[in-house]
Amino acid sequence: MKKTVLAMLFVSLSLFATNHIIDQKGKTFIPHEISVKPGDRITFLNSDPFAHNAYTDDEDNEFDIGMQSTGTEKSIIVKPGGDFSVECAIHPNMLLEVIMK
Ligand SMILES: [Cu+2]
């Protein structure tokens, strides 16, 4: 019974989750600022003819998608926490600001 309630809660929460698409093009995250809430997904695309990366050292949302080659997509799920910045380990000038709603 308890498991069923938890499963229903998870399903209803994920119904409200948003998938935010971030393209990497011209060595830029597009868009370069997004507003998210915990449970949302951020999907990184790569439209450049070379590899990119996306990572953050934020203590609540730490992730590193590794090397991302042209035409692929990689996703992460946002955890509860504060605003954070995402960078590309290959191109230090790339910056994505993630704002928590
Ligand atoms: Cu890059």
Side-chain angles (χ1 to χ4, degrees):
M1 186 61 185
K2 210 173 187 180
K3 270 186 182 168
T4 311
V5 172
L6 282 175
M8 285 172 67
L9 185 65
F10 184 76
V11 167
S12 55
L13 279 177
S14 48
L15 286 177
F16 294 103
T18 306
N19 186 24
H20 305 269
I21 308 283
I22 302 293
D23 199 2
Q24 300 180 89
K25 196 173 184 182
K27 294 187 184 177
T28 309
F29 289 113
I30 302 170
H32 61 85
E33 187 178 304
I34 50 169
S35 242
V36 303
K37 60 188 182 306
D40 281 1
R41 179 186 299 269
I42 302 176
T43 299
F44 294 95
L45 309 181
N46 181 2
S47 296
D48 270 332
F50 41 79
H52 280 296
N53 162 259
Y55 78 96
T56 178
D57 290 330
D58 180 77
E59 60 180 23
D60 298 309
N61 267 289
E62 187 179 0
F63 66 81
D64 187 336
I65 65 167
M67 281 279 260
Q68 182 176 12
S69 49
T70 303
T72 60
E73 65 175 68
K74 294 195 177 194
S75 299
I76 62 104
I77 302 291
V78 177
K79 298 180 194 119
D83 301 348
F84 60 93
S85 302
V86 176
E87 293 170 73
C88 170
I90 304 163
H91 309 104
N93 289 334
M94 292 176 64
L95 184 65
L96 166 66
E97 298 285 2
V98 181
I99 312 297
M100 286 289 187
K101 280 178 187 164

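Remember, it's 1-based here, ligands and their atoms both numbered in the order they're listed.
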Notebook entry, point to check: Does Asp40 have any salt bridge (Lys or Arg N to Asp or Glu O under 4.0 Å) partners at least two apart in sequence or in another chain, and if so, which?
Noted result: Lys37

Margin query: Measuring from atom CE of Met94 to atom CD of Gln24, what distance do you get when rounded to the nearest 0.5 angstrom?
Written below: 4.5 Å

Margin query: Any non-hydrogen side-chain atom of Ile90 less than 4.5 Å from a side-chain atom of Lys27?
Written below: no

Note to self: For the CD atom on Glu33, are there more than 12 heavy atoms of other groups (residues, nucleotides or ligands in this structure) within a distance under 6.0 Å?
What the structure shows: yes

Notebook entry, point to check: Among Ile77, Ile65, Val86, Ile76, whose side chain to side chain contact (heavy atoms under 4.5 Å, CB included) with Ile42 holds?
Noted result: Ile76

Check: Should the ring pair Phe63 and Phe84 be called parallel, tilted or perpendicular, given that the plane angle runs from 0 to 90° and is split at 30 and 60?
Finding: perpendicular

Check: What is the number of protein N, O or S atoms that sit under 2.8 Å away from the Cu ion (ligand 1)?
Finding: 4

